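Okay, structure first, notes after.
Position 1 is the first residue of the sequence; numbering continues from there. Bear in mind the structure is a predicted one, so any value in this text is a computation, not a measurement. What you see below is based on every heavy atom in this structure, not just the backbone, and it leaves out hydrogens, waters and symmetry mates.
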Amino acid sequence: MAFAFPFSNNTENIWREENLPGFREVVLRSNDQPEDQKIYVMYHGTTFPAALGIIKAGFQKSKDGMLGRGVYVSRDVNKAKRYPLDDKTDQVVLKLRVNVGKVKKIDYQNHPMQKTWHENGYDTAWVPAYCGMVTSGLEEDCVWDPKRIKVVGIAKASQNHLQKLNNLL
């Protein structure tokens with residue numbers, strides 16, 4: 001059972017596709033262009049305590065970052081496995097479903113909408129792999145509204161943490 005946020009009518013509309021007959025998870029490769037209003041599998045790397053908080057209360061937007069405020073995720077599990085940067089002993093990689101809404105491709109440094117994409121009507125900013133934006137060369141996304149993200153599984157965790165996290169899902 002996936003963690004679900006308390007839904008408003010708007011949020012219910014975001015996830016309507018999941019309830020349609022034949023819904024299946026869609027996994028895109030790093031350089032596949034995402035389609036607007038689709039739900040994709042993505043990942044988020046973090047610490048065990050932060051993962052507990054995310055599962056219990058949802059994601060919180062970062063204050064800033066390469067693409068400005070938002071929740072940073074990737075459809076490349078290897079990108080998520082790089083986080084947290086400082087200590088991998090407590091590492092957890094959450095498997096997500098993300099309804100990307102309207103997507104803006106940001107594929108070079110100092111793009112005019114690099115940090116203002118949301119102000120221009122976009123829900124997600126997408127950085128393709130190997131475009132020169134990310135040192136690792138791996139794909140990355142920034143989602144403005146945390147309600148567009150659901151935790152649906154655990155992609156990586158220690159055996160001890162895995163059981164505790166799965167019990168919350």
Are [X] and [Y] connected, step by step, through hydrophobic side chains (Ile, Leu, Val, Met, Phe, Trp, Tyr) whose heavy atoms are closer than 4.5 Å?
X      : Y      : result
Tyr108 : Met113 : no
Val152 : Val27  : no
Val26  : Leu96  : yes
Leu52  : Leu162 : yes
Ile154 : Leu168 : yes

Roughly how far, to the nearest 0.5 Å, is [atom2] of [Y] from [atom1] of [X]?
X      : Y     : atom1 : atom2 : answer
Ile14  : Ile39 : CD1   : CD1   : 9.5 Å
Arg24  : Leu20 : CZ    : CG    : 13.5 Å
Lys147 : Phe59 : NZ    : CZ    : 14.5 Å
Lys104 : Leu67 : NZ    : CG    : 12.0 Å

Does some side-chain heavy atom of [Y] sit less than 4.5 Å from a side-chain heavy atom of [X]?
X      : Y      : value
Met133 : Ile106 : yes
Gln109 : Gln114 : yes
Glu140 : Tyr72  : yes
Tyr43  : Lys81  : no
Val100 : Asp141 : no
Val92  : Leu165 : yes
Val143 : Val98  : yes
Asn99  : Trp15  : yes

For the student: nearest non-hydrogen atoms of [X] and [Y], plus distance:
X      : Y      : value
Leu28  : Pro34  : CD1-CA, 3.7 Å
Gly153 : Leu169 : CA-CD1, 3.7 Å
Ala129 : Ser30  : CB-CB, 3.8 Å
Gly70  : Cys142 : CA-SG, 3.6 Å

So, using salt bridge (Lys or Arg N to Asp or Glu O under 4.0 Å) as the criterion, who are the partners of [X] when residues are at least two apart?
X      : value
Glu35  : none
Lys95  : Glu25
Asp123 : Arg148

### Task
Quick one: which residue pairs count as a ring pair (Phe, Tyr, Trp, His ring centres under 6.0 Å) with a foot in residues 138-169, not counting sequence neighbours?
Phe48-His161, His118-Trp144
### Query
Tell me, which pairs form a ring pair (Phe, Tyr, Trp, His ring centres under 6.0 Å) where one or both residues lie in residues 17-37, sequence neighbours left out?
none
### Message
side-chain contact (heavy atoms from CB on, under 4.5 Å), that's the test. Do Arg82 and Ser136 meet it? Break it down for me.
### Response
CA-CA 9 Å; Arg82 295 172 153 272; Ser136 68; 3.4 Å; yes
My understanding is that only residues two or more places apart in sequence, or in another chain, count here; which of them pass side chain to side chain donor-acceptor pair (under 3.5 Å) with [X]?
X      : result
Trp126 : Glu139
Gln163 : none
His111 : none
Asp32  : Arg29

### Task
Take Ile54 and His44 through the test side-chain contact (heavy atoms from CB on, under 4.5 Å) and record every step on the way to the result.
CA-CA 10 Å; Ile54 290 166; His44 180 81; 4.0 Å; yes
### Task
Please name all residues satisfying ring-ring contact (aromatic ring centres under 6.0 Å, His included) with Tyr83, sequence neighbours left out, ordered by chain then number.
none
### Summary of salt bridge (charged side-chain N to carboxylate O under 4.0 Å, His left out) pairs that have at least one residue in residues 60-69, sequence neighbours excluded
Asp64-Lys115
### Task
Share the residues that join Leu138 in a hydrophobic cluster, the rule being Ile, Leu, Val, Met, Phe, Trp or Tyr side chains under 4.5 Å apart at the heavy-atom level.
Tyr130
### Query
Stepwise, does the side-chain contact (heavy atoms from CB on, under 4.5 Å) test hold for Val134 with Lys79?
CA-CA 10 Å; Val134 181; Lys79 173 73 173 171; 3.2 Å; yes
### Message
Apply side chain to side chain donor-acceptor pair (under 3.5 Å) to residues Lys102 and Gln37 and explain how you reach the verdict.
### Response
CA-CA 6 Å; Lys102 188 174 177 189; Gln37 310 306 328; over 6 Å; no
